[in-house]
Amino acid sequence: MTKHYEVKMQVIAAMETQLSNGPTCNNTAHGSTTINNCSSPVDSGNTEDSKTNLIVNYLPQNMTQEELKSLFGSIGEIESCKLVRDKITGQSLGYGFVNYVDTKDAEKAINTLNGLRLQTKTIKVSYARPSSASIRDANLYVSGLPKTMTQKELEQIFSQYGRIITSRILVDQVTGVSRGVGFIRFDKRIEAEEAIKGLNGQKPPGATEPITVKFANNPSQKTSQAVLSQLYHSPNRRYPAPLAQQAQRFRLDNLLNIAYGVKSRFPPMTIDGMTSLAGINIPGHAGTGWCIFVYNLAPDADESILWQMFGPFGAVTNVKVIRDFNTNKCKGFGFVTMTNYDEAAMAIASLNGYRLGDRVLQVSFKTNKTHKA
DNA sequence: TCTAATT
């Protein structure tokens with residue numbers, strides 16, 4: 001059995017679970033459990049809060065704002081959508097906001113998309129709290145934890161100081177054993193401050209060593225600082241300031257590329273560019289990605305099923321279920337657009353012949369022929 | 001000993 005095949009089967013197995021049980025909680029994802037992920041998104045804990053605005057966490061690194069909008073737009077009309085990016089590098093910070101027109105759609109998005117697996121991530125969808133200074137810098141880094149301590153036990157210790165938004169214990173990627181360090185994010189910064197006062201240097205019940213509790217580093221500033229540091233130490237810095245902003249910009253592009261794989265404004269020629277220039281036609285290739293034809297969907301199939309099936313294989317930019325104009329029922333087929341050829345090919349190879357309920361799907365690159373009957 | 005959670 002090849003590695004490729006094992007990975008494929010894992011993806012399928014994960015999908016089976018999800019398709020049969022609906023979106024799952026984060027409870028088994030690399031020990032990075034988030035109790036609130038399961039219990040609290042629908043209960044915002046404050047009736048004053050906006051019930052249309054959602055925060056979406058743990059997005060795949062390569063997911064764009066358009067893809068975010070497309071995914072959540074499959075639920076209902078979106079008022080606004082924003083993927084949060086690093087101000088300097090432009091890199092996604094892995095979270096974003098989706099504001100619906102209708103509160104019912106926001107609730108539906110939480111119920112259907114929270115826990116959705118996209119590539120290596122399990123996204124979290126919950127109501128956004130009103131933005132304010134009091135909820136910033138409320139994240140704590142905890143070290144010296146007993147290796148046997150569970151996330152639940154960790155939360156129990158900290159919960160006396162306030163409302164916990166997330167908790168996590170880091171684990172060894174190979175063995176799965178706790179590394180004895182973790183994070184606690186409180187609702188309010190003052191709660192985090194009180195927890196430091198009360199728990200830093202204290203021994204948890206039954207523990208032999210005291211724990212360290214401090215404010216966590218801000219992960220989003222690391223990338224910016226790394227880029228700035230490289231710019232500072234780069235040879236260009238020796239030249240007088242007016243030396244062409246052009247040169248500096250290319251330099252920055254290169255640095256971003258090397259350090260973070262950021263897309264340059266002058267990307268290398270890709271198969272997309274080549275096909276459009278040459279005017280040649282490749283099956284399934286639509287210029288904006290690779291269009292996949294999915295046949296034998298059930299009458300009640302909706303867009304979310306396509307996201308759930310294809311999302312784990314890579315970047316999906318669009319999904320569409322074709323419906324009868326009068327009945328609004330699925331006519332038995334739909335389309336999925338994926339950015340990268342290899343991911344699309346893997347999805348097709350894995351999903352063609354896949355049994356969804358009592359139907360066997362046919363999945364292929366879209367051809368130019370009209371599909372009739 | 002540090003993960004991408006407030007526009």
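In this text the structure is predicted, and so the values were computed from the model without any measurement. So that the names make sense, note that chain A is the first sequence line, chain B the second, and so on, each numbered from 1.
Separating the CG atom of Asp172(A) from the P atom of dT3(B) is a distance of 14 Å, rounded to the nearest angstrom. Atom CZ in Arg185(A) sits roughly 12 Å away from atom C1' in dC2(B) (whole-Å rounding). Remark: C1' of dT6(B) and CZ of Phe186(A) are 18 Å apart, rounded to the nearest angstrom. Between the C1' atom of dA4(B) and the CE atom of Met63(A) lies a distance of 15 Å, rounded to the nearest Å. Note: CG (Leu170(A)) to C1' (dA4(B)) measures 12 Å, nearest angstrom. As rounded to whole Å, 7 Å separates atom P of dT6(B) from atom CG of Asn218(A). The distance from atom CG of Asn57(A) to atom C1' of dT6(B) is 9 Å, rounded to the nearest whole Å. Computed from coordinates, the Leu140(A) CG to dC2(B) C1' distance equals 12 Å when rounded to whole Å.
The pair Glu66(A)-Lys69(A) fails the salt-bridge criterion, with no side-chain N (NZ, NE, NH1 or NH2) lying under 4.0 Å from an Asp/Glu carboxylate O.
Within 6.0 Å of the CD1 atom in Ile322(A), the count of heavy atoms belonging to other residues, nucleotides or ligands exceeds 12. With a 6.0 Å radius and a threshold of 12 heavy atoms from other residues, nucleotides or ligands, Arg136(A) has its CZ atom at or below the threshold.
In terms of phosphate contacts, Arg168(A) brings a side-chain nitrogen or oxygen within less than 4.0 Å of OP1 or OP2 of dA4(B). The phosphate of dA4(B) (OP1 or OP2) has a side-chain N or O of Lys121(A) nearer than 4.0 angstrom. Between Arg85(A) and dT7(B) there is no side-chain polar atom (N or O) within less than 4.0 angstrom of OP1 or OP2. For dC2(B), neither phosphate oxygen OP1 nor OP2 lies less than 4.0 angstrom from any side-chain nitrogen or oxygen of Asn217(A). Regarding contacts with the backbone of dT7(B), every side-chain N or O of Arg129(A) stays at 4.0 angstrom or more from both OP1 and OP2. Between Thr166(A) and dA5(B), a side-chain N or O to OP1/OP2 separation shorter than 4.0 Å is absent.
Using a 3.5 Å distance cut-off with no hydrogens or angles, the side chains of Asn99(A) and Glu79(A) do pair a donor with an acceptor.
For the pairing with Ile75(A), the side-chain contact (heavy atoms from CB on, under 4.5 Å) check across Leu113(A), Asn111(A), Asp302(A) returns one residue only, Leu113(A).
The side chain of Val84(A) has dT7(B) as its nearest neighbour among dA5(B), dT7(B), dT1(B). The side chain of Tyr141(A) sits closest to dC2(B) out of dC2(B), dA4(B), dT7(B). Picking from dT3(B), dT1(B), dA4(B) the nucleotide with the shortest atom distance to the side chain of Ala216(A) gives dT3(B). Closest to the side chain of Phe97(A), from the set dT6(B), dA4(B), dT3(B), is dT6(B).
Residue contacts for Tyr95(A): at a heavy-atom cut-off of 4.0 Å it reaches the sugar-phosphate backbone alone, with no base atom in range. Among the atoms of the strands shown, base atoms are found under 4.0 Å from some heavy atom of Gly144(A).
Centre separation under 5.5 Å together with a plane angle under 30° holds for the ring of Phe183(A) and the six-membered base ring of dT3(B), marking them as stacked.
Here Leu93(A) contributes atom CG and Arg85(A) contributes atom CZ; the two are 9.0 Å apart, rounded to the nearest 0.5 Å.
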